[in-house]
Amino acid sequence: MTKKIVQIGLSIFILVLVVLFFVADPSKSVLFPRCVFNSLTGYYCPGCGSQRAIHSLLHFNLAGVVQNNFLLLPAIVLIIYHYSRALLNRKFNWNFPNIFYFKKTPWIILAVIILFWILRNVPYYPFLILAPH
């Protein structure tokens, strides 16, 4: 019973967030917090621009997603893979492995995030493209 209540509460919370991100533009609204890391250092963290990227994604503006936080697209692909893999394996009797349980997967993801973090702060072309706009 409590597990079901938690699931319903979490679903409602996510739905409210989706509606909020759809309706309000994070670049123009005071409802959304600013990045503490960027405010303190002036450098972009791996998550900088994610709120604007989510807003762009909800409006089907893929160029806006890429301009604000390119890393959001592979993250979404990985999340879709994670939740659809088991369903596809059952439905079609496939045997796709869950790459999240491979030994090196967390290290690869961490390396990609750190590399993205460093490169988006390099003030030269083509790395300027990775900075949020």
Closest approach of [X] to [Y] (non-hydrogen atoms, all atoms of both residues):
| X | Y | value |
| --- | --- | --- |
| P26 | R34 | O-NH1, 3.7 Å |
| V65 | A53 | CG2-O, 3.4 Å |
| C35 | C48 | SG-SG, 3.5 Å |

Same cluster or not: [X] versus [Y], using hydrophobic residues (I, L, V, M, F, W, Y) connected whenever any side-chain heavy atoms lie under 4.5 Å apart?
| X | Y | value |
| --- | --- | --- |
| I80 | L71 | yes |
| F70 | Y81 | yes |
| I79 | I109 | no |
| L115 | L128 | no |

Between [Y] and [X], is there a side-chain heavy-atom distance shorter than 4.5 Å?
| X | Y | answer |
| --- | --- | --- |
| Q67 | P132 | no |
| S56 | N68 | yes |
| I129 | V66 | no |
| L73 | L62 | yes |

Under 3.5 Å: donor-acceptor pair, side chain of [X], backbone of [Y]:
| X | Y | result |
| --- | --- | --- |
| N95 | N89 | no |
| N61 | L57 | no |
| N69 | P46 | yes |

(request) Hey, could you give me each pair passing ring-ring contact (aromatic ring centres under 6.0 Å, His included) that has a residue in residues 92-114? Not counting sequence neighbours. (result) H82-F100, F92-W94, W94-F96
(message) Tell me which pairs pass ring-ring contact (aromatic ring centres under 6.0 Å, His included) where either residue lies in residues 10-49, with sequence neighbours left out.
(response)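 Checked against ring-ring contact (aromatic ring centres under 6.0 Å, His included) - neighbours excluded - the pairs reaching residues 10-49 are F21-F32, F22-H59, F37-W117.
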Roughly how far apart are [X] [atom1] and [Y] [atom2], rounded to 0.5 Å?
| X | Y | atom1 | atom2 | result |
| --- | --- | --- | --- | --- |
| L130 | F116 | CG | CZ | 5.5 Å |
| I5 | L10 | CD1 | CG | 13.5 Å |
| T105 | N98 | OG1 | CG | 8.5 Å |

Sort and list the pairs that fulfil side-chain hydrogen bond (donor to acceptor under 3.5 Å, both in side chains) and have at least one residue in [range], not counting sequence neighbours.
| range | result |
| --- | --- |
| residues 119-133 | none |
| residues 5-21 | none |
| residues 23-33 | D25-S27 |

Which residues pass the side chain to side chain contact (heavy atoms under 4.5 Å, CB included) test with [X], not counting sequence neighbours?
| X | answer |
| --- | --- |
| I8 | K4, I12 |
| V18 | I14, L58 |
| I118 | I114 |

(message) Once salt bridge (Lys or Arg N to Asp or Glu O under 4.0 Å) is applied, what residue pairs with a partner in residues 82-107 remain, sequence neighbours excluded?
(response)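 Salt bridge (Lys or Arg N to Asp or Glu O under 4.0 Å) check on residues 82-107 returns no pairs.
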(request) Give the other cluster members for F60, using side-chain heavy-atom distances under 4.5 Å between Ile, Leu, Val, Met, Phe, Trp and Tyr residues; answer none if it is isolated. (result)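 Members alongside F60: none; it stands by itself.
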(message) Suppose clustering is done on Ile, Leu, Val, Met, Phe, Trp and Tyr with side-chain heavy atoms closer than 4.5 Å. Which residues sit in the same group as V77?
(response)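 Members alongside V77: none; it stands by itself.
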